[in-house]
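Okay, structure first, notes after.
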Amino acid sequence: MVDEFKQKIAGEIAVSPDPGKTIRKWREEFGLSQHQLADAMGVSHSVVSDYESGRRKSPGVNVVKKMVDAFIELDTQNGSPVISRYNPNYKLDCIIAMDEFPGGVDVAAFISAISGKNLNPDRVLSKSIFGYTIVDSVKAILSLGSDDYLKIYGWNTERALIFTNVHFGRSPMIAVRAHPLTPGMVVYVRPEKTDPLAVKLARLEGIPLVTTDLDVDGIVSRMDSLKEGI
């Protein structure tokens, strides 16, 4: 479990279009300051800051390994709370389904697979989706704290956040907009009506906002088919 977790973190940093942002995500997930991480890695404090800000080029394999080892070592010293949360058997109540793809799925192909309608057609970008999380939006609003919000991203931020129980869609997009991490796509499942503000916020974030008439079972089935085709 721990070795697989290390590989997932290292892999996400390595393939991220913004490694610094991904490093910051994991540092905050482990509840560490830049100074704590730097001390555990045996480097100067400015090194971590420079990687996160992009002042240094993407870290090499040895640096990523040292960083991931520091995450795990410090978490273990603290009783392994993060490692436990990322156990495959651990799942937040608001998460209905969640999975990672073995490779990337083109945004347009993903939208087509769920028979979706992109409300921001200028936001079909040349990037890929590497996973999805289906979230009950009402449960998420009532139960998710700021630390919990990170967990809906799984092991990769380049994923589709798929919200059920959506009425007008304003609250989910406000939550996405307020958080420092940005998903690759937001999907609303059978919304009553999509608030124009939600569309505007998605456009400001530079992400597709998609609606689908499929139910959850139908979406999961389509996701399984996408995964098998990769």
Side-chain angles (χ1 to χ4, degrees), residues 1-102 130-136 139-140 142-161 175-176 178-184:
M1 164 62 190
V2 173
D3 287 342
E4 182 181 355
F5 190 26
K6 285 183 177 182
Q7 291 170 11
K8 290 292 186 182
I9 299 172
E12 182 175 337
I13 294 171
V15 304
S16 174
D18 188 342
K21 186 176 181 180
T22 305
I23 291 169
R24 178 187 173 192
K25 167 207 165 178
W26 282 110
R27 177 177 61 77
E28 292 179 345
E29 172 70 349
F30 280 94
L32 302 174
S33 68
Q34 290 182 344
H35 281 212
Q36 287 174 309
L37 177 57
D39 289 345
M41 292 175 63
V43 299
S44 67
H45 301 160
S46 63
V47 170
V48 174
S49 175
D50 287 349
Y51 277 127
E52 290 190 2
S53 66
R55 288 190 293 270
R56 283 177 180 256
K57 64 180 182 179
S58 300
V61 173
N62 290 334
V63 173
V64 172
K65 182 180 184 303
K66 187 179 292 187
M67 186 176 294
V68 173
D69 285 344
F71 286 148
I72 299 302
E73 180 180 350
L74 292 172
D75 193 59
T76 301
Q77 292 173 6
N78 196 35
S80 303
V82 179
I83 294 172
S84 298
R85 285 201 301 270
Y86 278 87
N87 186 301
N89 296 322
Y90 179 92
K91 191 174 77 172
L92 294 169
D93 287 342
C94 67
I95 296 178
I96 299 170
M98 186 176 191
D99 203 358
E100 313 297 323
F101 298 143
F130 287 87
Y132 71 92
T133 307
I134 302 179
V135 182
D136 184 310
K139 287 184 178 180
L142 294 176
S143 65
L144 281 190
S146 57
D147 291 338
D148 291 330
Y149 190 82
L150 288 169
K151 300 180 188 65
I152 69 176
Y153 280 92
W155 281 312
N156 199 304
T157 57
E158 291 301 313
R159 68 195 304 105
L161 297 187
V176 169
H179 200 271
L181 299 179
T182 304

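Count residues from 1 along the sequence. Not measured: the values here are computed from a predicted model.
Contact check for Trp26 versus Val68: no side-chain heavy atoms found under the 4.5 Å cut-off. When side chains are defined from C-beta on, Ser44 counts as touching Val47, because their heavy atoms get closer than 4.5 Å.
Residues forming a side-chain hydrogen bond (donor to acceptor under 3.5 Å, both in side chains) with Asn78 (at least two apart in sequence, or on another chain): none. Shown here are the salt bridge (charged side-chain N to carboxylate O under 4.0 Å, His left out) partners of Asp99, two or more places apart in sequence or in another chain: Lys227.
Put simply, OG on Ser53 and NZ on Lys21 are 14.5 Å apart, with the number rounded to the nearest 0.5 Å. Here the straight-line distance linking atom OG of Ser58 with atom CD1 of Ile23 works out to 8.0 Å at 0.5 Å rounding. Rounding to the nearest 0.5 Å places CD1 of Ile83 at 4.5 Å from CD1 of Ile72. Put simply, NE2 on His35 and CG on Asp39 are 8.0 Å apart, with the number rounded to the nearest 0.5 Å. Glu158 CD to Ser16 OG: the interatomic distance, rounded to the nearest 0.5 Å, is 7.0 Å. Atom CG of Leu74 is separated from atom CG of Leu37 by 7.5 Å, given to the nearest 0.5 angstrom.
Minimum interatomic distance between Ile13 and Val64 (heavy atoms only, all atoms of both residues): CG2-CG2, 4.1 Å. Across Ile152 and Arg159, no two heavy atoms sit closer than the pair O-NE, 3.6 Å. In this structure, Ala40 and Ala70 approach most closely via the heavy-atom pair CB-CB, 3.8 Å. Here the shortest heavy-atom pairing between Gly31 and Gln36 reads O-OE1, 3.9 Å.
Pairs of residues two or more places apart, or lying in two chains, that qualify as ring pair (Phe, Tyr, Trp, His ring centres under 6.0 Å) and include a residue from residues 51-82 are Phe30-Phe71.
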Run the numbers on Glu52 and Arg27 for salt bridge (Lys or Arg N to Asp or Glu O under 4.0 Å), then give the verdict.
CA-CA 10 Å; Glu52 290 190 2; Arg27 177 177 61 77; 2.5 Å; yes
Can Val63 and Met41 be said to form a side chain to side chain contact (heavy atoms under 4.5 Å, CB included), step by step?
CA-CA 9 Å; Val63 173; Met41 292 175 63; 4.2 Å; yes
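Glu28 has a carboxylate O that lies under 4.0 Å from a charged side-chain N of Arg24, or vice versa, which qualifies the two as a salt bridge.
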